[in-house]
Amino acid sequence: MNKSEIITQISELKKKYRAVIVAHNYQIDEIQEMADMVGDSFALSKFCASVSEEMIVFCGVRFMAESAKILSPSKTVLLPEADAGCPMADMVTPEALLEARKKYPKAAVVCYVNSSVEVKAVSDICCTSSNAVSIVKKLPADEILFVPDQNLGSYIAEKVPEKKIHLWEGYCITHHRVTVEEVRKIREIHPDAVFLVHPECRPEVVKCADFAGSTKEIIEYATRSKEKKFIIGTEMGVLYKLKNSNQDKTFFLMSQGLICPNMKKTKLESVYNALLNGKHKIEIEESIRLKAAKSLEKMLKIA
Ligand code: 13P
Ligand code: SF4
């Protein structure tokens, strides 16, 4: 089948199964073009919790599809590529987190949504990159144990100096790789470009930026801005929306290594096969789901 035939088949299967297709801002262009909704982790969680369709096909990584299932247990949630995971989410286990809770008994445990269901189940509240600072500010606790992203945790610590933030040693393999030297070089080449960055980058990289935010916030910032040149400090998938909505502006990727291999696994064929064969269904044991739902629902309530 060629591309247009696959798209036609996908839309027929979508009608047949009353499905909605959602995609993260890091998905390949063809997926973003075909999806019903494209967004950052927070926007996608809220959207999935509100849709009336019986089936959600989640083009993203596993923790995102799991969040959709946690919030909508009666719906069928499909992850087209079963091994599209997030290595950062695997950098904290529920066992290690329970041990750390003993070390910091007064700390509220805030887990980044890039985490497993089991980790969410033993945390007090979840957050995404777009609401992490406001959630930590709003919590009554003065001490926070933040897992698993050390870089997002450092960013929160910088923005909320009145609280003690204990950091975990996790990181995103894609964002953490970028060094401050690389940033200096690209800023020297484009000295008049506005520099926008994701807080999963190293603190010294984030400090060089004009703005730090989630993928959606980066896209919105550049779209609202009157400036014409931007250095983009996050995964290259965001360039699709940035370029489409801002044809008079120029975007330079902070580093050519900003590619998340897991986000790139999902192709149009994967979505077609997912709908055709009902694969790969996200299944979560109910007692764990209920606990993880508390952390996610608390986030949706106070964010
Ligand atoms: P956003 O919430 O900003 O979309 O980020 C998710 C993510 O995995 C970033 O690497
Ligand atoms: Fe995980 Fe990083 Fe990929 Fe985001 S970009 S899904 S944090 S590995």
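Bear in mind the structure is a predicted one, so any value in this text is a computation, not a measurement. Counting convention: from 1, in listed order, for ligands and their atoms alike.
Proximity to Glu200 (heavy-atom distance under 4.0 Å) selects the following atoms of ligand 2: 2 (Fe), 7 (S).
Cluster annotation: Val119 is not connected to Leu300 through the hydrophobic network of ILVMFWY side chains, with a link wherever side-chain heavy atoms come within less than 4.5 Å. Ile28 and Met263 are not part of a single hydrophobic cluster, where members link through side-chain heavy atoms under 4.5 Å apart.
Side-chain N/O atoms of His176 and Asn151 include a donor and acceptor closer than 3.5 Å. No hydrogens or angles considered: nothing links the side chains of Glu81 and Thr266 as a donor-acceptor pair under 3.5 Å. Between the side chains of Ser129 and Tyr155, no donor N or O sits under 3.5 Å from an acceptor N or O.
Near ligand 1, His24, Tyr26, Asp40, Ser41, Asn114, Ser129, His175, His198, Glu200, Ser214, Thr215 each place a heavy atom less than 4.0 angstrom from the ligand.
Here Arg18 pairs with Glu54 in a salt bridge; the nearest charged N to carboxylate O distance falls below 4.0 Å. Taking 4.0 Å as the cut-off between side-chain N and carboxylate O, Arg289 and Glu286 count as a salt-bridged pair. Ion pair Glu99/Lys102 flagged as a salt bridge, since at least one NZ, NE, NH1 or NH2 atom sits closer than 4.0 Å to an Asp/Glu carboxylate oxygen.
Residue Asp124 is tested with Lys106, Arg101, Lys298, Lys291 for a salt bridge (Lys or Arg N to Asp or Glu O under 4.0 Å); the sole match is Arg101.
Arg62 contributes no side-chain N or O that, together with a main-chain N or O of Ala84, makes up a donor-acceptor pair within less than 3.5 Å.
Listed by chain and residue number, the protein N/O/S atoms under 2.8 Å of atom 3 (Fe) of ligand 2 are Cys260 SG, with waters left out.
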